[in-house]
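The residues of the chain are indexed from 1 along the displayed sequence. Reckoned from all heavy atoms, side chains included, excluding hydrogens, waters and symmetry mates. The structure presented is a predicted model; accordingly, all values stated were derived computationally and were not measured.
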Amino acid sequence: MKKFQTLIYCLAFAASAAAAQAAETAEKSPLRANFKRVGLELSSTDVQNAQDYQDSPNSKLSADSETVIKGVFDFVLEYEQDAYQWNNGLQMEYGKTKLKPVDGEETSTENSDRIWAYTDINAKMWKYEDADVGPFASIGYQTEFTANGDAPRSKIIRGMEGIKMFNGQYIKELYLAGVEEYDFTYSGNETAKLAYEVGLKSEYPLREGVKFQLDGYFRDYVYFSDYVGTDFEHELGTVGRMDVKLNDTLSLAPYMNYFMAKARETNKTGSNFMIGLALTYSDLFNL
């Protein structure tokens, strides 16, 4: 716990120093509001009188009615100086599938649910080609909109310290970090965890108005203070998108999303693979 408190104090001191410097140099402060991605995916299939067409050779008339909705919000308030960059971000995503079988009651399942609020300080100590490189520290809070069935809502405080390459033409972030977590998901049972994490955010322009984006991370836990069977031993998440510009702010983005994790209580790995098409908004404002 002392290490975690030290990390909080360091971030608080760095934040206050950045705020003081911002007040002194307001006229030249590169403060930006970065709407990285605000996206919506929506599909609906409404089948009428499907029970009368179960023997039809055309499956469109006998299919189940289905509605899929998913929203994504990724926003960062950036403050950049020659020696460091300070980011404050909020990421939210929620997806739900509603299924109405031909025979049976309507059911709904969540396919995505995550809220992540964070702040991080990234030092610029070296240059690697066009990218900045240096140590970084971050702290954030992870939860979700609704609980998954009978399980409680996740409540996790996560701190990271490590080395990061960022602001490159193709490599937006590449980092290796130690992770310290305090999991309050189960009331009255705080679980401390230690892990290491590798993460990547990159983009590559294919032609004018079209670029490929790849985000991913791998986290491996090496220590738990208590045994909770549903805790992950390791997890992997990747998102690949083909961003096609419609205008300066709107894009159509076919994407693939893969998540894999292994819980402590089982020797089998669970995974989720999703393919979709989203309408996304992104813009950068100087403040």
Side-chain angles (χ1 to χ4, degrees), residues 15 18 29-42 69-81 84-95 112-122 124 130-132 136-145 158 160 164-175 177 197-206 208-219 237-259 274-287:
S29 172
L31 184 63
R32 302 181 294 265
N34 190 349
F35 288 87
K36 288 189 171 183
R37 189 162 58 102
V38 182
L40 177 65
E41 178 189 0
L42 173 64
I69 302 173
K70 182 180 180 181
V72 176
F73 180 85
D74 188 353
F75 171 79
V76 181
L77 183 63
E78 303 173 346
Y79 179 74
E80 186 170 8
Q81 290 292 322
Y84 66 90
Q85 182 171 324
W86 178 29
N87 299 323
N88 296 276
L90 175 63
Q91 297 175 359
M92 298 186 293
E93 60 181 53
Y94 185 80
S112 182
D113 189 354
R114 182 175 181 265
I115 302 173
W116 170 243
Y118 66 92
T119 182
D120 66 35
I121 297 288
N122 307 277
K124 301 177 181 179
D130 60 340
D132 296 306
F136 81 98
S138 72
I139 187 168
Y141 177 68
Q142 179 178 324
T143 185
E144 51 190 347
F145 290 98
R158 180 180 302 119
M160 293 197 297
K164 180 186 292 186
M165 180 168 66
F166 58 103
N167 289 343
Q169 181 180 2
Y170 304 122
I171 302 297
K172 301 306 177 183
E173 282 190 7
L174 177 61
Y175 65 86
E197 180 172 327
V198 180
L200 169 69
K201 292 183 180 180
S202 64
E203 62 181 47
Y204 185 80
L206 300 175
E208 185 177 356
V210 180
K211 63 182 177 181
F212 176 73
Q213 297 175 303
L214 178 65
D215 298 353
Y217 75 94
F218 174 75
R219 186 181 304 136
T238 60
V239 180
R241 292 186 299 275
M242 189 71 70
D243 192 276
V244 182
K245 284 286 188 183
L246 300 178
N247 56 35
D248 290 341
T249 58
L250 293 178
S251 303
L252 276 179
Y255 69 89
M256 296 183 297
N257 189 330
Y258 178 74
F259 179 77
M274 181 184 298
I275 299 176
L277 177 66
L279 177 66
T280 63
Y281 165 86
S282 61
D283 206 352
L284 182 67
F285 298 94
N286 290 319
L287 301 177

(message) Determine whether a donor-acceptor pair (N or O, by modelled atom type, separation under 3.5 Å) exists between the side chain of K211 and the backbone of E208.
(response) no
(message) Go through it in stages, so that I can follow the logic: the residues are Y204 and Y170, the test is ring pair (Phe, Tyr, Trp, His ring centres under 6.0 Å), and I'd like the CA-CA distance, side-chain angles, deciding distance and then a yes or no.
(response) CA-CA 6 Å; Y204 185 80; Y170 304 122; 5.3 Å; yes
(message) Is any side-chain heavy atom of R158 closer than 4.5 Å to one of Y118?
(response) no
(request) Please report the shortest heavy-atom distance between I115 and E144, naming the atom on each side. (result) CD1-C, 4.0 Å
(message) Using 0.5 Å steps for rounding, measure from the CZ atom of F259 to the CZ atom of R114.
(response) 9.0 Å
(message) Could you measure the distance from the CG atom of L279 to the OG atom of S251? Nearest 0.5 Å is fine.
(response) 8.5 Å
(request) Could you label the plane-to-plane angle of the W86 and Y79 rings as parallel, tilted or perpendicular, counting under 30° as parallel and over 60° as perpendicular? (result) perpendicular
(message) Nearest 0.5 angstrom please: N257 CG to E41 CD, how far?
(response) 10.0 Å
(request) List the atom of D215, the atom of S202, and the distance in Å for their closest heavy-atom pair. (result) OD1-N, 4.2 Å
(message) Side chains of E197 and Y175 only: does a donor on one sit below 3.5 Å from an acceptor on the other?
(response) yes
(message) So which atom in A278 and which in Y255 form the shortest heavy-atom distance, rounded to 0.1 Å?
(response) CB-CE2, 4.1 Å
(request) May I ask you to check whether D283 and T249 show a side-chain donor-acceptor distance below 3.5 Å? (result) no
(request) Please work out whether the ring planes of F75 and F35 are parallel, tilted or perpendicular, with thresholds of 30° and 60°. (result) tilted
(request) Check the pair L200 / I171 against side chain to side chain contact (heavy atoms under 4.5 Å, CB included), numbers first and verdict last. (result) CA-CA 8 Å; L200 169 69; I171 302 297; 4.0 Å; yes
(request) Write down the atom of L214, the atom of G240, and the distance for their closest heavy-atom approach. (result) CD1-CA, 4.3 Å
(message) Is there a side chain to side chain contact (heavy atoms under 4.5 Å, CB included) between L31 and L77? Walk through the geometry before answering.
(response) CA-CA 7 Å; L31 184 63; L77 183 63; 4.2 Å; yes
(message) For P254 versus L277, what's the shortest heavy-atom pair and its separation?
(response) N-CD1, 3.5 Å
(request) Using a 4.5 Å cut-off on heavy atoms from C-beta on, say whether the side chain of K124 contacts that of F166. (result) yes
(request) Answer yes or no: does atom CG of N247 have more than 12 heavy-atom neighbours from other residues, nucleotides or ligands under 6.0 Å? (result) yes
(request) Drop me the distance from T238's OG1 to Y217's OH, to the nearest 0.5 angstrom. (result) 9.5 Å
(request) To the nearest 0.5 Å, tell me how far F136 CZ sits from Q85 CD. (result) 13.0 Å
(message) Taking side-chain hydrogen bond (donor to acceptor under 3.5 Å, both in side chains) as the definition, give me every residue that meets it alongside R241, ordered by chain and number, with sequence neighbours left out.
(response) Q213
(message) Restricting to non-hydrogen atoms, name the atom on G168 and the atom on A131 that form the minimum distance, rounded to 0.1 Å.
(response) CA-CB, 3.8 Å
(request) Taking side-chain hydrogen bond (donor to acceptor under 3.5 Å, both in side chains) as the test, write out the residues that go with E78, two or more places apart. (result) R32, N34
(request) Look up atom CE in M165 and atom CG in N122, then write down how far apart they are to the nearest 0.5 Å. (result) 13.0 Å
(message) In the structure I gave you, are the side-chain heavy atoms of M242 and L206 within less than 4.5 Å of one another anywhere?
(response) yes
